[in-house]
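Here the structure is laid out as structure tokens; the discussion comes afterwards.
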Number of protein chains: 4
Amino acid sequence: MTDHRAPRYDKRTETIMRATLDLAREVGYAKLSIEAVAARAGVGKHTIYRRWPSKGLLFHDSLLTLNEPVLDYPDTGDIMADLRRQIHGTVDLLGTPPWGPLYQALVGEAQHDPAVAASLNERFIRPQEEKTLARLKAAQEQGQISPDFDLDLAMAILSGPLYFRFLITQEPVTHDYIDRILQALFDGMEPRP
Amino acid sequence: MTDHRAPRYDKRTETIMRATLDLAREVGYAKLSIEAVAARAGVGKHTIYRRWPSKGLLFHDSLLTLNEPVLDYPDTGDIMADLRRQIHGTVDLLGTPPWGPLYQALVGEAQHDPAVAASLNERFIRPQEEKTLARLKAAQEQGQISPDFDLDLAMAILSGPLYFRFLITQEPVTHDYIDRILQALFDGMEPRP
Amino acid sequence: MTDHRAPRYDKRTETIMRATLDLAREVGYAKLSIEAVAARAGVGKHTIYRRWPSKGLLFHDSLLTLNEPVLDYPDTGDIMADLRRQIHGTVDLLGTPPWGPLYQALVGEAQHDPAVAASLNERFIRPQEEKTLARLKAAQEQGQISPDFDLDLAMAILSGPLYFRFLITQEPVTHDYIDRILQALFDGMEPRP
Amino acid sequence: MTDHRAPRYDKRTETIMRATLDLAREVGYAKLSIEAVAARAGVGKHTIYRRWPSKGLLFHDSLLTLNEPVLDYPDTGDIMADLRRQIHGTVDLLGTPPWGPLYQALVGEAQHDPAVAASLNERFIRPQEEKTLARLKAAQEQGQISPDFDLDLAMAILSGPLYFRFLITQEPVTHDYIDRILQALFDGMEPRP
DNA sequence: GTCTAAGCGAGACGGTACGTCACGTCTTTCC
DNA sequence: GGAAAGACGTGACGTACCGTCTCGCTTAGAC
């Protein structure tokens, strides 16, 4: 798989990605067409196909490259507060138009196109997981988390319900919802007296 | 929203739905077309459009109607065992071709098409949730679950990680994974001595 | 080979053919595109492809159908005068814009596309030959042409030089040129005393 | 118009022309593309455009340069026999694959592209005519042809029917056909007793 | 013998058109 | 009188070439 991130400095590449996001915002991902992106960017269709093999990967690349998510975890020493802060930030971003629907569409596309799924995992999900795991591990070493607790599982219990709301029931993901999940998780995670 | 379940007895309707599923199995949901369904079913396109407003809803209806999921919860008195049995059954179904990819495609479509999302929730997600909640409630009344535990949250923690694996990381959902989630959930849910 | 003449009464078919000729007149056959014809005719490309398999045959059909050539030979009893009249009429038509260049383009296309060549022969060349031959035969029976003269050859000597000028040297075909050919032909054809 | 013959010694130019003819033989002139010629010749597209302004002229130049036609007329003293020999040779060449179709395509292209028409006339048609006329003139001076016969017309009557068969009816041009035309021409041309 | 300009391969680029597919609507034809 | 069959305008697909252009890399010939 070629690295689509490299040519970020290429002006034309960036023009195309901006046109992609602009159009996606305007008409939605489903009605996005490579033809329209090319027209908007003032570029031949070939120039797009030369860079991305499908609409899905073009969109994914545009979304991630132009919005390099800042997911560096704070480490204040209080794992509960740090997780809370981080996840609140994430859901706030998803609640800010137009990012929610666009990210939703991206995940939707991943269900149809394995290449998008792979790219999504490699460039977005996994890095985020790793940072979260690192932060959890640090907390575990400081004794804030029960030493035998499976941190991978913690990850899943933190992320899963959030995505469930976001993708399946499509209700807004509130801070309160996050807090309740965190609480429930910690009731089981924290060391017993 | 019209009730698409009613004409189950209509032979033509059923033929179309079968053709839909057959084709979806063969070429995948993404490449499914109403044109092809009509041809396969030996039916005019009008006859399809008269019954369903979009490919997404046709597919959703076909999937649910022809595969009426059996999700009646057992109640053996042991909530842990009952949940385990039920969820194992579900993931087994998703692991049986072609249901996994097809359900995945359905959820993917729901991200692009609000009507599919609504239909999915109403006809599939909510009923399942309700049955699970009822079973959890019974367990709570029998003292198997801490009386102040938020059962909605329990639902979310049970479903979320499962969907996360299924939709996002797209790794196989194993029985072991289910068991670990259940365990983690109960370590926090069960009444403390 | 389907008969493209039949649906002359079809209004849409005729609209397309008119648009074809209009565009051919405006930009020339070489720059004619099915895309542009469709746009000009207010018609989908498929509607054109459904009727004609190639640009060449569309053009040929348009040219012949909308300009049903009147090639009924007069028979005044004087074969020389009748041939002269007929051929003068033909070259006059070719000299009247835009027919000359369009017919030239049609013959050019026939060199690249056997289907056009076949169609050109069947629908245009052969009928004309047959009428000319019939007129020559009548003259031969009336003693105006030597009884052992090969009439097919006469045809070739009448048509050949005309096409040679028209296609190869691309000089204008004048009445005088015709007359000289006719004269040369008759010097050899007419019965000797 | 630049003289494209000069750089015959240029190795690269010759490589391109050979690639052109090779490809034309393989896929036909209509499907020939400068892009493909460049690739086949292992040459940049610019290198072709620097030498020829269009596909038509590239093809024409390739055809003529690499197949310098030998059209030097014999002069045995018998004009009939000499014409016969010469024309038989020409049609034999056209009957030898792949020259017939290629020359046909060249004439076809001349109908669409005036530059090709001009080049065809200047480099191929006119020289041939001149040699034929010179031979005819010699014969006329020797009394083999009627002194007042229009030799240009003789040319036209010799070439025209041949091209008519070749381009329009696209039947094979046989030796017999040539002989019959020659005979008919001479019945009118030769001096009467 | 170095420098420099031209020629070169490679191929990216904005375009145009291709011929195909499916959309959702509409019309015709038959049962 | 409803359904199959499929024609229709529309719009997008992904591909092929067009003719122009920009890259570095030779490669002579002029100094």
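Because only heavy atoms are used, hydrogens play no part in the values below, and waters and symmetry mates are left out as well, while side chains stay in. Throughout, a chain's letter reflects where its sequence line sits, starting with A, and its residues are numbered from 1.
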Could you tell me the separation between the [atom1] atom of [X] and the [atom2] atom of [N], rounded to a whole number of Å?
X       : N      : atom1 : atom2 : value
C:Asp10 : E:dT27 : CG    : P     : 15 Å
B:Phe59 : E:dA22 : CZ    : P     : 17 Å
B:Lys31 : E:dT20 : NZ    : C1'   : 15 Å
B:Trp52 : E:dT25 : CH2   : C1'   : 19 Å

Please identify each residue that fulfils side-chain hydrogen bond (donor to acceptor under 3.5 Å, both in side chains) with [X], with sequence neighbours left out.
X        : answer
A:Lys45  : A:Glu35
C:Gln104 : D:Gln111
D:Arg50  : none

| Partner set under side chain to side chain contact (heavy atoms under 4.5 Å, CB included) for B:Leu32, not counting sequence neighbours | B:Thr20, B:Leu23, B:Ala24, B:Tyr29, B:Val37, B:Lys55, B:Phe59
| message | Holding to side chain to side chain contact (heavy atoms under 4.5 Å, CB included), I want the full list of residues that pass it with D:Pro98, two or more places apart in sequence or in another chain. | response | D:Arg25, D:Leu102
| message | With heavy atoms of chain A within less than 4.0 Å as the criterion, where does contact along DNA chain F begin and end? | response |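 Contact span on the strand: F:dA12 to F:dT15.
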Is [Y] close to [X] at the side-chain level, that is, under 4.5 Å between some pair of heavy atoms?
X        : Y        : answer
C:Val116 : C:Val107 : no
D:Tyr103 : D:Leu120 : yes
D:Trp99  : D:Leu63  : yes
D:Ile16  : D:Trp52  : yes

| request: Mind running a 4.0 Å heavy-atom check of residues 34-50 of chain C against DNA chain F and sending the residues that fall below it, in number order? | output: C:Gly42, C:Val43, C:Gly44, C:Lys45, C:Thr47, C:Arg50
| task | Work out which heavy atom in D:Ala105 is nearest to a heavy atom in C:His112; give both atom names and the distance. | result | O-CE1, 3.3 Å
| request: Could you name each residue pair satisfying salt bridge (charged side-chain N to carboxylate O under 4.0 Å, His left out) that touches residues 99-110 of chain B, not counting sequence neighbours? | output: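 Found none.
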Please list each protein N or O that sits under 3.5 Å from an N or O in nucleotides 28-31 of chain E, with the distance.
none

| Test side-chain hydrogen bond (donor to acceptor under 3.5 Å, both in side chains) applied to B:Thr13 and B:Arg51, step by step | CA-CA 8 Å; B:Thr13 303; B:Arg51 287 167 168 74; 2.7 Å; yes
| Between CG of B:Leu66 and CZ of B:Arg18, what distance do you get to the nearest 0.5 Å? |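 Answer for the CG-CZ pair, B:Leu66 versus B:Arg18, is 5.0 Å.
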| said: Could you work out how much the helix from E:dG1-F:dC31 to E:dC31-F:dG1 bends, comparing the axis of its first five pairs with that of its last five, to 10°? | reply: 20°
